[in-house]
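Computed from heavy atoms alone, side chains included, the values below leave out hydrogens, waters and symmetry copies.
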Amino acid sequence: MDLMHHSSTFLLPTIPLHHRPSLTYALVVLNQTLPRFAPLLWKHAQLRLCADGGANRVFDEMPLLFPEEDASDVRRRYKPDVINGDMDSIRKEVLDFYRSLGTKIIDKSHDQDTTDLHKCITYIWDFAPDANKSSLCILVAGALGGRYDHEMGNLNVLYCFSSLRIVLLSDDSLIYLLPRTHHHEIHIQTSVEGPHCGLIPIGVPSRSSTTTGLQWNLINTEMRFGGLISSSNIVVGEKVTVQSDTDLLWTISIKKL
């Protein structure tokens, strides 16, 4: 089985050269409070989207992260490339402002069967050249917290696009999917994340999961809701390995620096 590498280098001010894996980032901003490191994610991303009301968050909250600067200058500097969604949350003045700056507006109000995040992921997948799809990683800011049904909808998107690297982020934690089709090697960026972590099966039980690099490792362990799940675990080094017979969610805390 192939080995899949993971690393949260997108939380570092500068991504080291020749790090593994070498990825191309896109950013989706949802309608939740911006994480304090949102400008860092913006810098690393080559494509930046707002999902509907996420544009309100960029317009209102990005200037608050730069209190010494003029708000209008900050808003022009952090202009999304695309605003995509059913347009039921974005304010008219925000929509008009970004449209005047050349942001592409995609009104998907006819589609009420998928979430705004799902719409954005589909757009990014279709936009990315085929040669870059294997190295694509989508960072989703504001994906955790707020309404629980929204949060569960965001987790569902990980399963809808299980072959694609998608990282859900809030101010204090991140989540991504570890597909059962691979063995996984997670390189811990100890300066910005950890030590608290978890491995969680959703949808179907895991009959056998094995890890290294955790304080409480799993050894061919069964995990399921109503039984054992690996919550409140702790990373003890700079590398965690995971093997499982089912997809697992990996979550780790983000340090407040």
Let me check something: any side-chain donor-acceptor pairs from residues 137-145 under 3.5 Å, sequence neighbours excluded? List them with distances.
none

Counterpart residues, side-chain hydrogen bond (donor to acceptor under 3.5 Å, both in side chains), relative to [X] (two or more places apart):
| X | answer |
| --- | --- |
| Lys119 | Thr114 |
| Glu151 | none |
| Asn56 | none |

So, using ring-ring contact (aromatic ring centres under 6.0 Å, His included) as the criterion, who are the partners of [X] when residues are at least two apart?
| X | value |
| --- | --- |
| His184 | His6 |
| Phe59 | Phe97 |
| Phe127 | Tyr123 |

Which pairs pass side-chain hydrogen bond (donor to acceptor under 3.5 Å, both in side chains) with one or both residues in residues 220-229, sequence neighbours excluded?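 Those involving residues 220-229 are Ser208-Asn220, Thr210-Asn220.
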Could you list the residues that satisfy salt bridge (Lys or Arg N to Asp or Glu O under 4.0 Å) with Asp60, not counting sequence neighbours?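 Applying salt bridge (Lys or Arg N to Asp or Glu O under 4.0 Å) to Asp60 gives Arg91.
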Going by salt bridge (Lys or Arg N to Asp or Glu O under 4.0 Å), name the pairs with one or both residues in residues 70-82, residues two or more places apart or in two chains.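 For residues 70-82, and leaving out neighbouring residues, the salt bridge (Lys or Arg N to Asp or Glu O under 4.0 Å) pairs sorted by first residue read Glu69-Arg77.
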For residues 156-165, which side-chain donor-acceptor pairs fall under 3.5 Å, sequence neighbours excluded?
| unit_1 | atom_1 | unit_2 | atom_2 | d |
| --- | --- | --- | --- | --- |
| Arg165 | NH1 | His5 | O | 2.8 |
| Arg165 | NH2 | His5 | O | 3.1 |

Which ILVMFWY residues can you reach from Trp216 by hopping between side chains whose heavy atoms are under 4.5 Å apart?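 When side chains under 4.5 Å apart are linked, the cluster holding Trp216 also contains Ile234.
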